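Please see the structure below; I have some questions.
Along the sequence shown, the residues carry numbers beginning at 1. Please read these numbers as outputs of a predicted model, since none were measured by experiment.
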Amino acid sequence: ENRREFRFPAGPRTTLTITNEFGSVNVRPSGGEQVVVLAIAHSGKIDVDHSQNGSRIDVRTHVLQRGNDSELAVDYEVQVPPATTLIVRCAAGSIQAARLQGDLTFQAESAQVDVRDLNGTHLQVRTVSGPVVLAGISNSYVEVTSVSGAVTMTNVSGPKVTVNTTNGAIKYVGDFGSNGNYNLTNHSANIEIVLPTRASVDVTARSISGSVHNDFPFQPKAGSAVAASPQRAFAGQANSGSSAVRLSSFSGTITLTKQ
């Protein structure tokens, strides 16, 4: 195990990019005006390249010789000023971030992405099979896309929240905030929504060849698509219908229940 620490001066427009093939990337806010990266390499078969050009900082894992996934892994412990723009690419392993305020872009193949406690950010997450866990995110623009990774959101709200998977399940627990637009879409997996009674939402749900099950006390809304196929489509409002929620699947089951 080889531990190296890098420190970079950081201003208000700093962008940090981390590229890692195997291992974990864990990002937390720092108290000062510098980016601190602790890189823990699991073997001598890898090195860490780093550079800074003005406000751009680049840190990447450099493979020196062939090895297995464990030998080529680097674990990064990162501290950044909260407003730092962050781009993390990680194939296998994990990406974790919390209490940040800058624009965040996370790209993974099988790596899990876990993001918590954000306010007023732009968050973009893309995975192939890696699961995505989001919690405690408010007043933020959120975009998640995955092929087969499950997406779990707890208390995630903002002006626009979009989730799109092919066959990854989507679960949302929370009240959808206020005045937001939410689009949760997949092709062949389930979508599960768990709402508290205080939620103020205008919901439409449709599964073309699957089914829709509602257990929440909505005020139903009439509509031709809903009337024609009540088992596969639903429209309803709770309280004043502040946030618009659109749920759609091709063959998955969509479920709405009370928290």
Inset, instruction - Walk me through it: do Asp202 and Val245 pass the test side chain to side chain contact (heavy atoms under 4.5 Å, CB included)? - result: CA-CA 6 Å; Asp202 182 322; Val245 179; over 6 Å; no
Inset, instruction - Could you tell me which residues satisfy side chain to side chain contact (heavy atoms under 4.5 Å, CB included) with Glu71, sequence neighbours excluded, listed by chain and number? - result: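 Checked Glu71 against side chain to side chain contact (heavy atoms under 4.5 Å, CB included); matches are Ser43, Lys45, Asn68.
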Legend entry - Under 3.5 Å donor-acceptor, Ser200 side chain and Ser242 backbone: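 Between the backbone of Ser242 and the side chain of Ser200 there is a qualifying donor-acceptor contact (under 3.5 Å).
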Legend entry - Single-linkage hydrophobic cluster, 4.5 Å side-chain cutoff, Ile57 and Val36 together: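 Shared cluster, no.
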Inset, instruction - Assess the side chains of Asn20 and Thr61: does a donor N or O sit below 3.5 Å from an acceptor N or O? - result: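 Yes, because at least one side-chain N or O of Asn20 sits under 3.5 Å from a partner of the opposite role on Thr61.
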Legend entry - OG-CD1 distance between Ser249 and Ile208, expressed to the nearest 0.5 angstrom: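 It comes to 8.0 Å.
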Inset, instruction - Give a yes-or-no answer on whether the side chains of Thr185 and Asn164 include a donor-acceptor pair shorter than 3.5 Å. - result: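 Asn164 and Thr185 do not have a side-chain donor-acceptor pair below 3.5 Å.
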Inset, instruction - For residues Arg246 and Ala244, report the shortest heavy-atom separation together with the two atoms involved. - result: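 What the structure gives for the nearest pair is NH2-CB, 3.8 Å.
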Inset, instruction - Mark yes or no for whether Glu192, through its side chain, and Thr253, through its backbone, hold a donor-acceptor pair below 3.5 Å. - result: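 Absent.
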Legend entry - Candidate list Thr165, Val151, Ile193, Thr162, test side chain to side chain contact (heavy atoms under 4.5 Å, CB included), partner Leu184, passing option: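 Among Thr165, Val151, Ile193, Thr162, the one meeting side chain to side chain contact (heavy atoms under 4.5 Å, CB included) with Leu184 is Ile193.
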Legend entry - Heavy-atom side-chain proximity of Val25 to Phe106 below 4.5 angstrom: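 No - every pair of side-chain heavy atoms lies 4.5 Å or more apart.
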Legend entry - Under 3.5 Å donor-acceptor, Ser209 side chain and Phe250 backbone: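 Checking the backbone N and O of Phe250 against the side chain of Ser209, a donor-acceptor pair under 3.5 Å is found.
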Legend entry - Which atom of Gly23 lies closest to which atom of Cys90, heavy atoms considered: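 Between these two residues, the closest heavy atoms are O-SG, 3.4 Å.
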Inset, instruction - Could you note down all residue pairs passing salt bridge (charged side-chain N to carboxylate O under 4.0 Å, His left out) where residues 128-150 supplies at least one of them, sequence neighbours left out? - result: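 Non-adjacent pairs meeting salt bridge (charged side-chain N to carboxylate O under 4.0 Å, His left out): Arg126-Glu143.
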Inset, instruction - Heavy atoms only: give me the nearest Ala10-Pro81 pair and the separation to one decimal. - result: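 So the two residues come closest at CB-CG, 3.8 Å.
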Legend entry - Side-chain H-bond candidate by donor/acceptor type, Asn26 with Arg28, under 3.5 Å: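 Checked: Asn26/Arg28 side chains pair up, N/O donor to acceptor below 3.5 Å.
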Legend entry - Contact check, side chains of Asn186 and Ile191, non-hydrogen atoms, under 4.5 Å: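 Of all side-chain heavy-atom pairs linking Ile191 with Asn186, at least one is under 4.5 Å.
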Legend entry - Ser140 side chain to Thr121 side chain, donor-acceptor N/O pair below 3.5 angstrom: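 Yes - a donor-acceptor pair under 3.5 Å links their side chains.
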Inset, instruction - Output yes when a side-chain donor or acceptor of Asn214 lies under 3.5 Å from a complementary backbone atom of Phe216, and no otherwise. - result: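 Answer holds: yes.
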Inset, instruction - Check the pair Ile40, Asn2 against side chain to side chain contact (heavy atoms under 4.5 Å, CB included), reporting the backbone distance first and the verdict last. - result: CA-CA 6 Å; Ile40 304 166; Asn2 180 20; over 6 Å; no
Legend entry - Inter-residue atom distance Arg232.CZ - Ser251.OG, 0.5 Å rounding: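 So the gap between those two atoms works out to 10.5 Å.
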Inset, instruction - Rounded to the nearest 0.5 Å, what's the gap from OG1 on Thr204 to CG on Leu247? Could you check? - result: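 That separation rounds to 6.5 Å.
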Legend entry - Heavy-atom side-chain proximity of Val27 to Leu100 below 4.5 angstrom: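 Yes, at least one pair of side-chain atoms sits under 4.5 Å.
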Inset, instruction - Side-chain contact test, heavy atoms from C-beta onward, threshold under 4.5 Å: evaluate it for Leu195 versus Gln259 and give yes or no. - result: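 Leu195 does not reach Gln259 side chain to side chain.
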Inset, instruction - Answer yes or no: is there a side-chain heavy-atom contact under 4.5 Å between Leu256 and Phe218? - result: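 A side-chain contact under 4.5 Å exists here.
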Legend entry - Donor-acceptor side-chain pairing of Ser146 and Thr127 below 3.5 angstrom: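 Result is yes, a qualifying pair exists.
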Inset, instruction - Apply side chain to side chain contact (heavy atoms under 4.5 Å, CB included) to the pair Thr152 and Leu134, showing each step before the final yes or no. - result: CA-CA 6 Å; Thr152 305; Leu134 309 179; over 6 Å; no
Inset, instruction - Please name the pair of heavy atoms, one in Asn155 and one in Gly174, separated by the smallest distance, quoted to 0.1 Å. - result: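 Taking every non-hydrogen atom into account, OD1-CA, 3.7 Å.
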Legend entry - Salt bridge present between Arg60 and Asp58 (N-O < 4.0 angstrom):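 Looking at Arg60 and Asp58, the cut-off is met.
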Legend entry - His42 versus Asp75, side-chain donor and acceptor atoms under 3.5 Å: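 Yes, a side-chain donor-acceptor pair sits under 3.5 Å.
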Legend entry - Listed partners of His213 passing ring pair (Phe, Tyr, Trp, His ring centres under 6.0 Å), at least two apart: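 Listed in chain order: nothing, the list is empty.
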Inset, instruction - Report, as yes or no, whether the 6.0 Å neighbourhood of atom CD on Glu33 holds more than 12 heavy atoms from other residues, nucleotides or ligands. - result: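 Open: at most 12 neighbouring heavy atoms sit under 6.0 Å from CD of Glu33.
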Inset, instruction - Flag the pair Val59 / Val48 as yes when at least one side-chain heavy-atom distance between them is below 4.5 Å, and no otherwise. - result: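 In short, these two side chains touch, coming nearer than 4.5 Å.
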Inset, instruction - Return yes if some donor-acceptor pair links the side-chain N/O of Ser55 with the main-chain N/O of Thr14 below 3.5 Å, else return no. - result: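 Not at all, since once roles are kept as given, no pair shorter than 3.5 Å links the two residues.
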Inset, instruction - For the pair Tyr172 and Tyr182, name the ring-plane relationship: parallel under 30°, tilted 30 to 60°, perpendicular over 60°. - result: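 Perpendicular: the ring planes of Tyr172 and Tyr182 meet at over 60°.
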Legend entry - Lys/Arg-Asp/Glu bridge criterion (N-O < 4.0 Å) met for Glu5, Arg3: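 No.
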Inset, instruction - May I ask whether Phe8 and Ile87 are part of the same hydrophobic cluster, defined by side-chain heavy atoms of I, L, V, M, F, W, Y residues being less than 4.5 angstrom apart, directly or through others? - result: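 Phe8 does not cluster with Ile87.
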Inset, instruction - Grab the two heavy atoms, one from Thr197 and one from Lys258, that are nearest each other, plus how far apart they are. - result: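 Looking at all heavy atoms of both residues, the shortest contact is CG2-CD, 3.4 Å.
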Legend entry - Nearest non-hydrogen partners of Pro29 and Gln79, listed with the distance: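 Shortest heavy-atom separation between Pro29 and Gln79 comes out as O-OE1, 4.4 Å.
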Inset, instruction - Rounded to the nearest 0.5 Å, what's the gap from NZ on Lys160 to NE2 on His122? Could you check? - result: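 Those atoms lie 10.0 Å apart.
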Legend entry - Close side-chain approach of Val156 to Thr154, heavy-atom, < 4.5 Å: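 Not touching, per the 4.5 Å side-chain cut-off.
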Legend entry - Gap separating the CD1 atom of Ile254 from the OG atom of Ser211, nearest 0.5 angstrom: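 The CD1 atom of Ile254 sits 8.5 Å away from the OG atom of Ser211.
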Legend entry - Distance-only donor-acceptor check, side chains Asp47 and His62, under 3.5 Å: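 There is no such pair (donor and acceptor under 3.5 Å, judged by atom type) between the side chains of Asp47 and His62.
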Legend entry - Rounded distance (nearest 0.5 Å) linking atom CD of Gln124 with atom CG of Leu104: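 Spacing of CD (Gln124) from CG (Leu104) equals 10.5 Å.
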Legend entry - Within-4.5 Å side-chain heavy-atom neighbours: Ser24 and Gln96: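 The answer is no, as the side chains (C-beta and beyond) never meet within the 4.5 Å cut-off.
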Inset, instruction - Report whether Phe6 and Ile46 are members of the same hydrophobic cluster (ILVMFWY, side-chain heavy atoms less than 4.5 Å apart, transitive linking). - result: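 Linked, Phe6 and Ile46 end up in one cluster.
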Legend entry - Shared hydrophobic cluster for Phe22 and Val63 (ILVMFWY, side-chain gaps under 4.5 Å):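 Phe22 clusters together with Val63.
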Inset, instruction - Would you mind telling me which of Val144, Val161, Val115 makes a side chain to side chain contact (heavy atoms under 4.5 Å, CB included) with Met153? - result: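 The residue from Val144, Val161, Val115 that satisfies side chain to side chain contact (heavy atoms under 4.5 Å, CB included) with Met153 turns out to be Val161.
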Legend entry - Between Asp103 and Thr85, a side-chain donor and acceptor under 3.5 Å: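 Short answer, no.
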Inset, instruction - Kindly determine whether Thr17 and Arg89 satisfy side chain to side chain contact (heavy atoms under 4.5 Å, CB included), including the steps that lead there. - result: CA-CA 8 Å; Thr17 302; Arg89 303 183 183 99; 3.4 Å; yes
